[in-house]
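So that the names make sense, note that chain A is the first sequence line, chain B the second, and so on, each numbered from 1.
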Number of protein chains: 4
Amino acid sequence: MRPKLQGLIAAPHTPFRADGSFAPDIVAEQARWLASSGVVGVFVGGTTGEWPSLTVGERRELFEAWAAHRGELLFIAHVGHNCQRDAMELARAAVECGAQATSAIAPSFFRPQSGRECADYYAPIAAAARDLPFFVYHIPGMTGIRVSPDEQLAACLAAIPNMAGMKFTDPDLYAYGRCVTKFGDRCDLVWGVDEILLGALAYGATAAVGSTYNYAAPLYRAMIDAHERGDRARATELGLCATQLVEALIDAGVLAGGKALMARRGIDCGPPRPPVAPLTAEQRERLLDRVDAVDALADHGAVCHGAE
Amino acid sequence: MRPKLQGLIAAPHTPFRADGSFAPDIVAEQARWLASSGVVGVFVGGTTGEWPSLTVGERRELFEAWAAHRGELLFIAHVGHNCQRDAMELARAAVECGAQATSAIAPSFFRPQSGRECADYYAPIAAAARDLPFFVYHIPGMTGIRVSPDEQLAACLAAIPNMAGMKFTDPDLYAYGRCVTKFGDRCDLVWGVDEILLGALAYGATAAVGSTYNYAAPLYRAMIDAHERGDRARATELGLCATQLVEALIDAGVLAGGKALMARRGIDCGPPRPPVAPLTAEQRERLLDRVDAVDALADHGAVCHGAE
Amino acid sequence: MRPKLQGLIAAPHTPFRADGSFAPDIVAEQARWLASSGVVGVFVGGTTGEWPSLTVGERRELFEAWAAHRGELLFIAHVGHNCQRDAMELARAAVECGAQATSAIAPSFFRPQSGRECADYYAPIAAAARDLPFFVYHIPGMTGIRVSPDEQLAACLAAIPNMAGMKFTDPDLYAYGRCVTKFGDRCDLVWGVDEILLGALAYGATAAVGSTYNYAAPLYRAMIDAHERGDRARATELGLCATQLVEALIDAGVLAGGKALMARRGIDCGPPRPPVAPLTAEQRERLLDRVDAVDALADHGAVCHGAE
Amino acid sequence: MRPKLQGLIAAPHTPFRADGSFAPDIVAEQARWLASSGVVGVFVGGTTGEWPSLTVGERRELFEAWAAHRGELLFIAHVGHNCQRDAMELARAAVECGAQATSAIAPSFFRPQSGRECADYYAPIAAAARDLPFFVYHIPGMTGIRVSPDEQLAACLAAIPNMAGMKFTDPDLYAYGRCVTKFGDRCDLVWGVDEILLGALAYGATAAVGSTYNYAAPLYRAMIDAHERGDRARATELGLCATQLVEALIDAGVLAGGKALMARRGIDCGPPRPPVAPLTAEQRERLLDRVDAVDALADHGAVCHGAE
């Protein structure tokens, strides 16, 4: 049996040039930085990676760019698409590029209405990914899907041989607890809501995928350490730092804000693509100030704050 | 100045074979049937056309298939996509294929948050469609967009030279009234909610795009006629027939149900693609019975009910 | 059989003094004004009447104040309450005061989950109102109830002997059409969304209850006349005036704005009670300007605009 | 300065007879049982207490019945009401009955739209409760209020002298973290979502109000103990038991299900009042079986399972 996933997995930004064109050459910088900051893997071309704003061809190129780094970082390729045929093509591309796992989001325009319809939608995609572990990407705040994650898991575990777990980007800890109880011994339930990771640890989460691990992995690693060694006061303190970090990002715009933090660190991922708005100069400045304040609270060095 | 759009515009189903592959050869049958049933145009590759489930290449092929019929039917090409670059490519394809107008839906994963962001998103797509009239496709029940249609129109009319109007697939007649008041003299507000078209006529709608005009144009034409000649009792009666038709379709599943009605008429558009579920035999039978009952109420021949 | 309800029924404001205390003496002024402006009845202590902000004792006093005017105006007493026992007490009070019909809103904290649960909740209240016609008050935008109005009507018509119809304050014209089709011959479906009344007329509405009929009954009466005599252009024009009137009110705050319009007419209903905020001076001024502009568009005199 | 609240506070059911009439004599049994099961206080007449289904007179009687037990159990009186004047009357009644704190829910029909409007609504109620500590009762899933809890707290702490904290019945741990960060040193943030209490403990919660503490306080106390002594595995295990307990209750209906569990323990709180549906015999049986299974998992005796 496959061992449980452990640790922090970043969902990297897709790098663009100032004119919005894809800049694959930045990926090597992202990979180096992430590996050095204690991240164990990458979830490539997910929401933070702006998958809906990329063409299928660009998503394939993105996989190719990350493939070079799969020695240092577990390479999970997000292949989901509203168009099942495109998702299947992307799953095949992921295999060719040497991805170590795949994941697919639910279609969010037409939506599955039951666990069965979820499984029917995902099965051909997972099959196209051959024997790679397959993760359902559950993010109902974006997809609007109404099928509960436990219903999805029950159906998909029954129908999909390479079903390996779920990226659980749903703040509903009660639903998470239900899934842990029912399926925790059969698959990985990878937590996906950075700002309340500490809560998920209490329910047994061992791995997490997220956007803020791109620039604040040391903060979360310190929080996990405190949790594991039983230093509850410190864990709470760092958990609240994560809350404040995310609050600053949400006020600015998470995606554009995250790219601004990467840029300050010297890794220029460019602006987001439309319809995601770029930061104004004022938003950027205010974000950086707030992030520095969190960094000071947490311990200098916990949040990415400028090139060395 | 361009004259106002008038009449019924069908949003045709995209024809698939039983294995789900695209069947462009059916388009000619659809075009012939639609022209004969009193429809004045087609909105190609919209929601009924399952745009999110088609690859970009298939959408281009679909435009090519419909291009042959633009003499008989006004050809509006839906080019919207979550990926702005794909939408721009499709807009160029529409121009090449001889489309007479284009339209684009809002991105529905990442969503514009203001009229300004809508206009910024749409402008390059409309520009790619050159001098073709451009329609914003407003369907908030599917996209989840929260910017009011009047705010969208104000921003887009200011920023987009070829802005021609809105496909208003929003049951909010109050919002429709606001748009008619503010922008009705400057653009077309094409009604998109078949089941309450009679209500929109009262507020001045002159054109409508919809799914049920594929198989029930005679019903709606009779309703519009009654409305225009002041026969209020008959207009109400036929308006309620439309309500019942749509109720039967919604209970079965509008997309799969619509394809079943077309199939009965001899035009085999195949099953919908996943995640849209096909009808069970029982659903299909019940749907046909209910539709026949509506047809009898309306006047035999108002709803498509079998090959001649 | 009871004849169909016909015409405009105002939902009067509950008059308060500046300190928020109940001012029953103003009711006579309201009644005189309403009767003179062409309203046929009153829906007392509804949403516009701020029922949730009144004590049970005050609601009884309000019924007593309106009882004196039931010769001129059909007196429908709203007796609904989250507490069924309070609603029953109010129904008995309505009978004692000589109300001509009663109505009750769904409980909106704990909510019925099915038509059956609706009927079970309403039945004892309707029974307490003895042989008075009973109307279910359907206003899902406020109550959050998710049971469709047709399901509610089916259950209530089966279980409640004095069930007379529904106050349909739901902008969903499709649902309205379904109810007209199924139950229109057995009960009154009184339209309750002023800003799209013209749409409801198209589906056969003959009576309407609303807030803006307190001060703009002439506008709506002119609209109904135009509709009935087949002057579609004028009906549309006046329908759009109603849209603009409501837009001005919503921008200011419908409840406080309505009270400001009454005050200008010389009928001082005071401020709303908390948590409904009063208008600022600026909001009030802007509202009055916009309303005057609508009045000028509609025909001077269509909207209440100052003491004679 | 007042010390922090610590421990579990039950939200007791309001006891009714089979005919739905209020049965105040059962309160003594509830109080005895709760004190013996390790609960430190009671939140009287809250959601579990069916406040919306009680008349104001009954709520006063309920306060009187609980007043006798305030030596053993901290007595927090819920005085909230859609009608501010009724809430003020209830606050005065709470003072007269010797309540040790009061709390009020937001009005949920007309709703405050900003922190300022919340504070304006609550201030007179808190003032009527004189010098008793006052808690805002935040339960957006029921009230539909959209003002964030941090905005509410900022406004209420500034405007209400006896403001003591918030009953935080909102599963949004991210919002909880924000409130702890900003206001945790100035007031009590009492957790109110039983099924994820373990997550809230991680963010520093020290007190909780809830429905399931009526019958499962030993389970939660064991969970809290494990958490505090650093036994993470056991804390997780018991946290997941709480999840399963609540899942069984939600499937049956939390309110009616809770009353069934109390009845099994020998404390007959009767059925809920309409519109809350009672359990069917089948639902009751299935609930008891599932609860017994949870009890066996947790440790026999953790969940109330029959008279001694």
Can you tell which part of B:R232 gets under 4.5 Å to a heavy atom of chain C, answering side chain, backbone, both or neither?
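For B:R232, the side chain is the part near chain C, not the backbone.
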
We want to know whether C:Y220 and C:T212 form a side-chain donor-acceptor pair, criterion being a heavy-atom distance below 3.5 angstrom.
yes

To the closest 0.5 Å, what do you measure between NE2 (C:H227) and CZ (C:R234)?
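The NE2 atom of C:H227 sits 15.5 Å away from the CZ atom of C:R234.
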
Where on C:E237 is there a heavy atom nearer than 4.5 Å to chain B: the side chain, the backbone, both, or neither?
neither

Check whether C:D194 gets within reach of chain B through its side chain, its backbone, both or neither, counting any heavy atom under 4.5 Å.
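Interface part for C:D194: neither.
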
Determine all donor-acceptor pairs shorter than 3.5 Å in which one atom belongs to a side chain in residues 242-260 of chain B; sequence neighbours excluded.
from	atom 1	to	atom 2	distance (Å)
B:T243	OG1	B:G239	O	3.1
B:Q244	NE2	B:L240	O	3.1
B:E247	OE2	C:K182	NZ	2.7
B:D251	OD2	B:R290	NH1	2.8
B:D251	OD2	B:R290	NH2	3.4
B:K259	NZ	B:T14	O	2.9
B:K259	NZ	B:E50	OE2	2.9
B:K259	NZ	B:C269	O	3.2
B:K259	NZ	B:P271	O	3.3

In plain terms, say whether C:R264 and C:D292 are close enough for a salt bridge, that is, a side-chain N and a carboxylate O under 4.0 Å apart.
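Between C:D292 and C:R264 there is a salt bridge, with a charged N closer than 4.0 Å to a carboxylate O.
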
